[in-house]
Every structure is written in C-alpha cells, then in structure tokens.
Number of protein chains: 2
Amino acid sequence: MSANKLKERKKISCPVEYAVSVLSGKWKLRILYAITKQSPKRFKELEREISGITPTMLTAQLRELERDGIIEREVFATVPPTVEYRLTAFGKTTAPMMNEIKNWGLLLKAHQAGNNGNEIS
Amino acid sequence: MSANKLKERKKISCPVEYAVSVLSGKWKLRILYAITKQSPKRFKELEREISGITPTMLTAQLRELERDGIIEREVFATVPPTVEYRLTAFGKTTAPMMNEIKNWGLLLKAHQAGNNGNEIS
DNA sequence: CTGGATCCCTGAGGATACTG
DNA sequence: CAGTATCCTCAGGGATCCAG
C-alpha cells in the first residue's frame with residue numbers, strides 16, 4: 001500500500017471501510033488467521049500453511065500487517081536464519097472478528113453445499 | 001467474478017479463504033453493512049450512503065451478492081422505478097461477523113489515533 | 001531460510017454514454 | 001430511478017533473479 005493510500009485512510013469515517021482498508025489484500029486474512037491459530041509462526045510455516053502464496057507476496061503482506069501494528073517480527077541470528085511472527089497486543093483484538101469470519105465461512109460452505117446439486121441442472 | 005472463479009471456489013478448504021472469496025470486492029462489505037443496518041434499502045439510498053461508489057459498481061457488486069444468496073432484490077412497477085434490496089435468511093447470518101468487523105474498525109481507529117502524532121516526527 | 005529488487009501482466013475497478 | 005453497454009486505466013499481484 002502506497003504512502004498516498006495511508007493519507008487517504010485518515011479521511012475514512014465508516015468503521016467497516018476503515019477495517020477493510022487495513023485487511024484488504026488477497027492474503028491478509030489468511031495470514032492473520034494462520035498466526036491467530038498458532039503463534040509465533042515462522043516464515044516457512046506460513047508459506048506452507050497458506051497454499052498458493054509466493055514468498056514475495058508473503059513478505060509484502062507481512063510487512064503491511066507489521067506496519068499497521070497487527071503483527072511483530074522477531075529475528076534470530078541462527079544459521080539458517082529464523083524469523084518468527086506473532087500478534088501484537090493490538091493484533092490480538094482481531095481474534096473475535098477472525099473467529100466470526102471463520103464461522104461464517106463454515107456456514108457459507110454448508111449453505112452452498114445445500115443449494116448445489118447444480119452440477120446436474 | 002467470472003464463472004471460472006466460481007469453479008475455483010469449490011476447491012477451497014480454508015473457511016476464511018472461503019468467506020473471503022465471497023466478500024472480497026472493494027465495496028462488498030460496505031454494501032452489506034449498509035443493508036444490515038437498515039433493510040430494505042433502495043438503490044439510491046445505497047448510492048448515497050456509500051460515498052464514492054458509482055452506480056455501475058454498485059450494480060455489479062449487488063448482483064454478485066445476490067447471486068451468492070446473501071441479498072435479494074425486489075422490483076416495484078412504479079413510476080419512477082423502485083427497487084429494494086434486503087438480506088436473505090442466509091444473509092442475516094452475516095450479522096455477527098459484520099458487527100465484529102465494525103467493532104474492530106472502531107478499535108483500529110482509536111488505536112491509530114493513539115499512535116499517531118506522526119505528523120510531527 | 002528469509003527475504004529484497006525488478007519487471008510484467010491481468011482483471012477489478014472506474015468513466016462515460018445511453019435507456020426502459 | 002435504476003440500471004446496461006463499452007471502453008480503458010492502473011495498481012495489486014505474480015514471476016524471476018539475486019543475496020545475507
């Protein structure tokens with residue numbers, strides 16, 4: 001997200017839009033969900049857990065989450081390098097929301113399964 | 001969202017990713033939030049409430065929400081035309097999630113206000 | 001292992017004009 | 001009022017290569 005976008009964000013009044021401005025991004029919620037489930041988490045663990053993501057994108061989205069104060073990064077001077085990501089105190093406030101999103105995802109899936117024998121029709 | 005994307009959706013296992021696949025789109029959550037707060041809602045009311053959206057985009061996103069079984073559309077043969085949008089029974093299951101998203105948006109805003117006298121630094 | 005730096009591309013999003 | 005039809009832009013996302 002550009003610096004310009006950051007300035008735009010300050011003008012937002014709608015709380016939902018405000019939340020979206022921080023959570024949008026193809027992988028943000030999945031990353032957040034993965035770290036919420038188990039923390040801390042290493043870079044490689046995240047990469048494995050979030051199928052389809054590339055290291056480049058993972059890095060980019062992690063940086064934004066970090067910049068927004070939701071996660072923090074700890075580097076260990078080991079060989080090979082180790083980096084752990086965990087929720088900040090503020091990041092933990094996303095837990096109820098993440099939980100509801102997960103629950104609704106499950107509801108949605110069940111609902112669609114109910115509606116769709118649409119392979120046939 | 002293309003028909004191809006719909007097929008892709010069936011492969012998704014992660015509930016969060018599944019929810020995101022339906023809710024992603026720049027205006028989806030704001031539309032949903034607006035209809036959740038007060039239902040039914042007319043096209044023009046939505047357009048007014050969601051600042052920045054164009055009629056074209058509003059239509060497109062409403063169609064997707066309708067196709068996904070979250071909202072429904074009722075047309076009245078009046079002059080001028082009237083169209084009302086409301087949550088479906090399933091759409092109402094988004095309420096707890098929407099509420100948490102809104103709450104977190106408020107938290108986030110308060111949090112950033114706390115961190116940022118960064119105009120000066 | 002954990003990324004940074006580049007370049008490229010697609011499709012979501014937007015602008016405009018028109019209509020029942 | 002509530003859309004549809006077109007066309008076009010641009011930035012988010014991805015691929016690739018390189019490095020501490």
Side-chain angles (χ1 to χ4, degrees), chain A residues 1-9 17 20-31 34-35 40-68 71-86, chain B residues 1-9 17 20-32 34-35 39-68 71-86:
Chain A
M1 185 178 281
S2 66
N4 202 345
K5 285 279 177 77
L6 285 181
K7 290 183 185 176
E8 289 301 315
R9 193 140 91 199
E17 184 182 3
V20 167
S21 78
V22 169
L23 300 175
S24 71
K26 190 173 180 181
W27 309 96
K28 288 271 182 69
L29 285 173
R30 290 191 69 192
I31 293 171
I35 300 182
K41 214 141 205 166
R42 299 186 51 192
F43 187 88
K44 199 64 179 179
E45 292 178 312
L46 288 169
E47 189 182 348
R48 265 195 296 266
E49 187 164 339
I50 303 169
S51 60
I53 198 170
T54 60
T56 306
M57 285 311 299
L58 181 53
T59 299
Q61 307 260 303
L62 284 169
R63 289 291 174 279
E64 291 197 10
L65 287 170
E66 188 186 1
R67 193 206 51 202
D68 288 329
I71 63 174
E72 57 192 4
R73 187 168 170 269
E74 188 176 5
V75 182
F76 298 91
T78 54
V79 175
T82 302
V83 179
E84 288 184 354
Y85 292 90
R86 75 193 71 220
Chain B
M1 185 179 281
S2 66
N4 203 345
K5 285 279 178 74
L6 284 181
K7 289 182 184 176
E8 290 301 315
R9 194 139 91 198
E17 183 182 3
V20 167
S21 78
V22 170
L23 300 175
S24 71
K26 189 172 180 183
W27 308 96
K28 289 270 182 70
L29 285 173
R30 292 190 68 193
I31 292 171
L32 207 48
I35 300 182
S39 174
K41 215 141 205 167
R42 301 185 49 191
F43 188 89
K44 200 63 179 181
E45 293 178 312
L46 288 168
E47 190 183 346
R48 264 194 296 266
E49 186 165 340
I50 303 169
S51 61
I53 198 170
T54 59
T56 307
M57 285 310 299
L58 181 53
T59 298
Q61 308 259 302
L62 283 169
R63 290 291 175 279
E64 290 197 8
L65 287 170
E66 188 186 1
R67 192 206 53 202
D68 288 329
I71 63 174
E72 57 193 4
R73 187 168 169 271
E74 188 176 6
V75 182
F76 298 90
T78 54
V79 175
T82 301
V83 178
E84 288 184 355
Y85 292 90
R86 76 194 70 220

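Labels below follow one simple rule: chain letters A, B, ... track the order of the sequence lines, proteins then strands, and each chain is numbered from 1.
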Please report the distance, rounded to the nearest Å, between [atom1] in [X] and [atom2] in [N].
X	N	atom1	atom2	value
E47(A)	dT2(C)	CD	P	8 Å
K26(B)	dG11(C)	NZ	P	19 Å
L58(A)	dG13(D)	CG	C1'	14 Å
W27(B)	dG13(C)	CH2	C1'	9 Å
E45(A)	dT2(C)	CD	C1'	13 Å
E66(A)	dT2(C)	CD	C1'	13 Å
E84(B)	dG3(D)	CD	P	12 Å
K41(B)	dG3(D)	NZ	P	16 Å

Are any non-hydrogen side-chain atoms of L62(B) and F43(B) less than 4.5 angstrom apart?
->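 Yes, side chains in contact.
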
Tell me, do V83(B) and R73(B) make a side-chain contact under 4.5 Å, heavy atoms counted?
->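 With C-beta onward as the side chain, the pair touches.
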
Starting at the 5' end of DNA chain D, which residue's closest nucleotide do you reach first, T82(B) or G25(A)?
->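 Checking each residue's closest nucleotide, the 5'-ward one belongs to T82(B).
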
Which residue, P55(B) or I53(A), contacts DNA chain D at a nucleotide closer to its 5' end, judged by nearest heavy atom?
->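 Of the two residues, P55(B) wins.
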
Of the candidate nucleotides [options], which contains the atom at the shortest distance from the side chain of [X]?
X	options	result
P80(B)	dT4(D), dC1(D), dG13(C)	dC1(D)
T59(B)	dG3(C), dG20(D), dT4(D)	dT4(D)
V83(A)	dG3(D), dT2(C), dG14(D)	dT2(C)

Decide yes or no on salt bridge (charged side-chain N to carboxylate O under 4.0 Å, His left out) for K28(A) and E64(A), but give the supporting numbers first.
-> CA-CA 9 Å; K28(A) 288 271 182 69; E64(A) 291 197 10; 2.9 Å; yes

Select base, sugar-phosphate, or nothing to describe what Q61(A) touches, counting heavy atoms under 4.0 Å on all strands.
->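 Sugar-phosphate contact only - Q61(A) comes under 4.0 Å of backbone atoms but never of a base.
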
Which part of the nucleic acid, if any, lies within reach of F76(B) when heavy atoms closer than 4.0 Å are counted: base, sugar-phosphate only, or nothing?
->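 Nothing, no heavy atom under 4.0 Å.
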
Out of curiosity, I53(A) CD1 to E47(A) CD, how far, rounded to the nearest 0.5 Å?
->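 I53(A) CD1 to E47(A) CD: 8.0 Å, rounded to 0.5 Å.
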
Answer with yes or no whether T56(A) presents, from its side chain, a donor or acceptor under 3.5 Å of a partner atom in the base of dT16(D).
->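 Yes, the side chain and the base share a sub-3.5 Å donor-acceptor pair.
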
Report yes if at least one side-chain N or O of [X] is closer than 4.0 Å to OP1 or OP2 of [N]; otherwise report no.
X	N	value
K44(A)	dG3(C)	no
R73(A)	dG3(C)	yes
R42(A)	dT2(C)	yes

Might you work through the salt bridge (charged side-chain N to carboxylate O under 4.0 Å, His left out) test for R30(B) and E17(A), ending with a clear yes or no?
-> CA-CA 6 Å; R30(B) 292 190 68 193; E17(A) 184 182 3; 3.1 Å; yes

